[in-house]
Protein chains: 2
Amino acid sequence: MSSDPEGVRFEQILIEPAYRKVAVAIGERILSRTLREGERLPPETELARQFGVNRSTVREALRELESGGLVKRRPGSKLMSVSRPQHDVIAEGVSRALVMHDVTFLEVWSALTILEPPIAEAAARARTAEDLAVIVAAAERFVALNADTGLAVHHAAEFFRSVGRATHNQVLGLAQEPLLQLLEPSLQVMIDKVAQARSRIVTAQKRIVDALEARDAEGARTWMAKHIRDFRKGYEIAEIDLELRVTNLRAFRPPLPLVSA
Amino acid sequence: MSSDPEGVRFEQILIEPAYRKVAVAIGERILSRTLREGERLPPETELARQFGVNRSTVREALRELESGGLVKRRPGSKLMSVSRPQHDVIAEGVSRALVMHDVTFLEVWSALTILEPPIAEAAARARTAEDLAVIVAAAERFVALNADTGLAVHHAAEFFRSVGRATHNQVLGLAQEPLLQLLEPSLQVMIDKVAQARSRIVTAQKRIVDALEARDAEGARTWMAKHIRDFRKGYEIAEIDLELRVTNLRAFRPPLPLVSA
DNA sequence: GGTTGCCGGTTTGTCCGACAATCATACGAT
DNA sequence: ATCGTATGATTGTCGGACAAACCGGCAACC
């Protein structure tokens with residue numbers, strides 16, 4: 001306030017609580033691969049003993065690591081084990097951040113415009129036969145299941161995801177994931193209001209699949225671009241204000257239908 | 001294992017610990033804007049009373065929200081307050097995830113190839129005079145400070161960030177941030193080994209700035225593309241294996257030099 | 001007037017100890 | 001071999017405790 005702006009300067013002294021120090025210490029071990037994936041952490045009491053802090057403190061640190069996805073509890077196990085953060089979990093954090101920053105549909109859509117066509121292009125180059133099969137399956141599921149709106153949007157997004165995976169570039173896959181998460185709720189509204197939406201999506205997907213199959217990078221890019229542009233048209237027809245804030249993110253998704261291991 | 005695959009199916013019963021329920025409950029309030037940005041949370045004892053759980057449980061929930069950036073402690077305050085997640089914090093989570101997934105330099109570089117040119121293009125269209133000034137300042141800082149390698153890479157990244165902000169699309173800004181974080185350590189090595197790297201960066205930045213000033217979207221895009229391609233050349237000259245895993249992410253960045261409030 | 005010192009009430013950070021429920025494992029019964 | 005049971009380990013949650021830090025105000029002081 002009234003301190004002399006020309007006076008002596010001190011660096012801000014940063015005081016970190018113990019739970020954070022513990023979290024950092026364990027986190028560094030994980031990032032540096034001293035603790036390897038799947039390896040099990042010692043029990044909380046043991047950690048508390050080693051760090052010389054109370055178990056409660058260790059627990060707070062574990063919650064922090066847990067929500068960063070660096071450790072998780074394997075189903076049906078008590079001990080925490082080191083894990084690679086799942087993409088959808090990380091992306092959910094990004095989505096929440098974007099929601100809190102009042103991101104609009106227009107921003108999401110425009111980011112998709114930028115991101116998806118090159119992804120399709122890269123996928124056309126890098127896809128394996130297996131990737132293609134997955135993509136085709138996703139497209140077919142959309143055709144088969146688009147009666148139920150909820151499932152329809154899920155599989156429309158799944159189509160994008162499968163294309164993203166086909167690039168074999170994890171950075172791209174992870175970058176697109178929050179966009180898809182934010183797209184879904186609005187897509188649901190749109191697809192319900194616009195009669196021809198489903199069929200347009202089906203054709204676009206078909207064209208993209210054809211291009212990917214032929215390894216036609218240029219074609220994949222342009223058709224993906226069309227596909228995305230179509231979404232915008234759909235929004236306009238459905239009279240969804242593109243300047244509206246994205247919202248309605250389901251805070252915690254119900255676990256996906258999963259074949260028991 | 002030995003269960004009949006054709007047998008009766010039950011959905012996985014999900015059992016959530018109390019600390020997670022509390023975190024979700026508070027998180028929903030924040031996401032839905034019932035609790036507004038900057039608003040202060042009740043003290044832990046009060047939260048414990050309201051939720052009917054122990055204070056320790058509340059604390060674990062708070063750690064979870066805290067590491068998601070949804071709440072934070074305002075400097076020099078004890079009570080937690082609702083906050084919009086800072087981009088760099090979120091991006092750090094993404095970076096960690098990518099490191100854990102063994103992302104290679106090639107993947108990072110190739111994602112930059114895809115992302116940055118359209119960002120420059122969008123920036124040329126959307127930039128304000130103010131944005132331009134910030135970008136110019138960033139470029140100038142790189143010229144002035146590139147003797148110190150650490151500062152040089154920081155300001156090279158800062159240049160990208162300022163261009164990203166000029167798009168006025170937060171999604172893009174947040175998408176590029178993890179890439180920049182992962183780029184920095186490797187860039188540091190490269191810039192030290194390649195004599196002409198600094199000057200090439202300077203010229204590329206200058207061209208990009210010129211294009212942005214002239215609102216030349218096409219020029220901004222192509223020069224940004226060149227800029228990124230240059231990085232790859234630099235990597236090759238420095239004999240950095242592009243298939244190498246990205247690593248060496250500084251786990252927790254030292255707080256940026258900050259003018260005391 | 002502005003700075004400093006002090007005081008009481010609040011709130012967090014950390015600790016300790018405790019207990020029920022669940023999981024892992026081994027062992028014994030069918 | 002499958003099942004049931006006993007035993008020990010570990011987590012989730014609880015209650016209570018205390019020092020340190022923060023807040024606001026008020027008195028003292030230069």
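Per chain, numbering begins at 1; letters A, B, ... match sequence-line order. Treat the numbers as computed from the prediction; the structure is a model and nothing was measured.
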Next on the checklist: Rounded to whole Å, how long is the line connecting atom CD1 of B/I15 with atom C1' of D/dT11?
Outcome noted: 11 Å
Next on the checklist: How many whole angstroms separate atom CG of B/L41 from atom P of C/dT11?
Outcome noted: 13 Å
Checklist entry - Backbone N or O of B/G150 within a donor-acceptor pair of the B/H154 side chain at under 3.5 Å? => result no
Next on the checklist: What is the separation between atom CD on A/E66 and atom P on D/dT11, rounded to the nearest whole Å?
Outcome noted: 12 Å
Item to check | Separation of D/dG12 C1' from B/K21 NZ (nearest whole Å) | outcome: 12 Å
Next on the checklist: I'd like to know if the side chain of A/S95 pairs up with that of A/Q181 as donor and acceptor (distance under 3.5 Å, no hydrogens or angles considered).
Outcome noted: yes
Item to check | Pairwise distance CD(A/E60) to CD(B/E66) - rounded to 0.5 angstrom | outcome: 9.0 Å
Item to check | For atom CZ of A/R20 and atom P of C/dT14, their distance in whole Å | outcome: 11 Å
Item to check | 5' precedence on DNA chain D between A/R59 and B/R40 (nearest-nucleotide basis) | outcome: A/R59
Item to check | Other residues, nucleotides, ligands: >12 heavy atoms within 6.0 Å of B/R40 CZ | outcome: no
Checklist entry - Can you tell me if the side-chain N/O atoms of A/R73 get under 4.0 Å from OP1 or OP2 in D/dG12? => result yes
Next on the checklist: Can you tell me if A/R84 has over 12 outside heavy atoms packed within less than 6.0 Å of its CZ?
Outcome noted: yes
Checklist entry - When the distance from CZ of B/F51 to P of D/dC14 is rounded to whole Å, what number comes out? => result 12 Å
Checklist outcome for this item: Between CD of A/E60 and C1' of D/dT11 the distance, given in whole Å, is 16 Å
Protein-nucleic acid N or O pairs under 3.5 Å, nucleotides 15-17 of chain C:
| residue | atom | partner | partner atom | Å |
| --- | --- | --- | --- | --- |
| C/dC15 | OP2 | A/N54 | N | 2.7 |
| C/dC15 | OP2 | A/T57 | OG1 | 2.7 |
| C/dC16 | OP2 | A/N54 | ND2 | 3.4 |

Item to check | Length of the line joining B/E46:CD and C/dT10:P, which is rounded to integer Å | outcome: 13 Å
Next on the checklist: Do B/L41 and B/L62 have side chains that approach each other closer than 4.5 Å (heavy atoms only, starting at C-beta)?
Outcome noted: yes
